[in-house]
S.K.: 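Following this message is one structure expressed as structure tokens.
Chain letters run A, B, ... following the sequence lines, proteins first, then strands; residues in each count from 1. None of these values were measured; they are calculated from a predicted model.
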Number of protein chains: 2
Amino acid sequence: MAISETGGDAGIDIVYRSDCPSRPILDQIADKWSMMVMAVLDKPTRFNEIKRRLEGVTQRVLTQTLRRLERNGMVVRRVLPTSPVGVEYSLTPLGESLREPFGRLYDWTVNHADEIRAHQMDYDQRVQS
Amino acid sequence: MAISETGGDAGIDIVYRSDCPSRPILDQIADKWSMMVMAVLDKPTRFNEIKRRLEGVTQRVLTQTLRRLERNGMVVRRVLPTSPVGVEYSLTPLGESLREPFGRLYDWTVNHADEIRAHQMDYDQRVQS
DNA sequence: CTGAATCCAAAAGGATACTG
DNA sequence: CAGTATCCTTTTGGATTCAG
């Protein structure tokens, strides 16, 4: 049985193997900030605009996240011919195509956040920490 | 515009806020090992069986991952009345419901792994490291 | 068999200061 | 404005040992 019943033709039988090509990729994209940055980038956006909308992210972490996304071909970085310099980030078609599965995960998270928090409280009470 | 065009009714307009309830949840579930453990758990599975199928995971990390998943109500831990003791992990309905969005992400990853690696090689060549 | 405990190295991440 | 560089604290993760 594949992990997904949605018709994916992925080689799900090998994702468990340490040499599965999806592992390093998963490491790169399945993190919180990458997901949030891509959520913000529904249109070309300036660096500080992204930073402002992503409350809590530091400049350093945002830069690193954007670099990694750029390296993976998910976003493009474009320097604007202004003064002072402006930089605009936008999703590539590859990045766009990731928004759908990401959106699924986001929706699930938001829809189940309460239920999960209830479980956590229950667990923390049963297991004295 | 919502991040997902698939009809999710999530409050996507607030996921960027630092007090968005989905943030801590996302931190908990959007990591590589959680995803892989849940991929393995299509049926009740013993600790060592999980460890064996997840090449490369250490005992410590697997234990931590399972604890977190248990705390979040995604898996249940059941001690088997055997000798020596056996422990069996299985998905809860909540955990089951997460497999679909996870599966989407997995499928996307596998299907685009080559393309991403090509981008990485191109980037690494352009940007001398 | 299934962990918990410990030690230690590496990586991640915040704060701050500086620059083209 | 959009970073880079540095320092330093926290977190993570591997390896190993011990125990119910």
S.K.: Could you tell me the separation between the NZ atom of B:K51 and the P atom of D:dG13, rounded to a whole number of Å?
M.R.: 15 Å

S.K.: With nearest nucleotides of DNA chain C determined for A:V85 and A:V61 from heavy-atom distances, which residue corresponds to the more 5′ nucleotide?
M.R.: A:V61

S.K.: Starting at CD of B:Q64, measure out to OG1 of B:T58 and round the result to the nearest 0.5 Å.
M.R.: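 B:Q64 atom CD to B:T58 atom OG1 measures 7.5 Å (nearest 0.5 Å).
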
S.K.: Has the side chain of B:Q59 got a donor or acceptor atom sitting under 3.5 Å from an opposite partner on the base of C:dA4?
M.R.: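 Indeed, a donor on one side and an acceptor on the other fall under 3.5 Å apart.
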
S.K.: Once you round it to whole Å, what is the distance between C1' of C:dG13 and CZ of A:R68?
M.R.: 12 Å

S.K.: Between B:R104 and B:D107, is there a salt bridge with N-O shorter than 4.0 Å?
M.R.: no

S.K.: Give a yes/no answer on whether the side chain of A:R67 brings an N or O atom under 4.0 Å of OP1 or OP2 in D:dT4.
M.R.: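 Looking at the OP1 and OP2 atoms of D:dT4, one of them is under 4.0 Å from a side-chain N or O of A:R67.
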
S.K.: Using whole Å, report how far CD of A:E88 lies from P of D:dC1.
M.R.: 15 Å

S.K.: Take the protein atom CD of B:Q64 and the nucleotide atom P of C:dA5, then report the distance between them rounded to whole Å.
M.R.: 12 Å

S.K.: Please state whether the base of D:dT12 and the side chain of B:R60 form at least one donor-acceptor pair under 3.5 Å?
M.R.: no

S.K.: Between A:S90 and A:K43 (side chain of the first, backbone of the second, donor and acceptor by atom type, cut-off under 3.5 Å), is there such a pair?
M.R.: no

S.K.: Return the value, rounded to whole Å, for the distance between atom CZ of A:R46 and atom C1' of D:dA2.
M.R.: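 Checked: the CZ to C1' distance equals 9 Å.
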
S.K.: For A:N48 and D:dG3, what is the distance between atoms CG and P respectively, to the nearest whole Å?
M.R.: 9 Å

S.K.: Give a yes or no on whether the backbone of B:I50 and the side-chain of B:T45 come within a donor-acceptor separation of less than 3.5 Å.
M.R.: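 The answer is no, because no donor-acceptor pair under 3.5 Å joins these two groups.
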
S.K.: Respond yes when some side-chain nitrogen or oxygen of A:Y89 is under 4.0 Å from OP1 or OP2 of D:dG3, and no when none is.
M.R.: yes

S.K.: Using heavy-atom distances to pick each residue's nearest nucleotide on DNA chain D, tell me which of B:P84 and A:F47 is more 5'.
M.R.: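 Between the two, 5'-proximity favours A:F47.
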
S.K.: Closer than 4.0 Å, any side-chain N/O of A:T58 to the OP1 or OP2 of C:dG14?
M.R.: yes

S.K.: In whole Å, what is the span from the CG atom of B:L66 to the P atom of C:dG3?
M.R.: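 For the pair B:L66 CG and C:dG3 P, the rounded distance is 7 Å.
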
S.K.: Nearest whole Å is fine: how far is D:dA2 P from A:E49 CD?
M.R.: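 It works out to 10 Å between those atoms.
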
S.K.: Applying the side-chain hydrogen bond (donor to acceptor under 3.5 Å, both in side chains) criterion to B:E49, which one of B:R46, B:R52, B:K51 satisfies it?
M.R.: B:R52

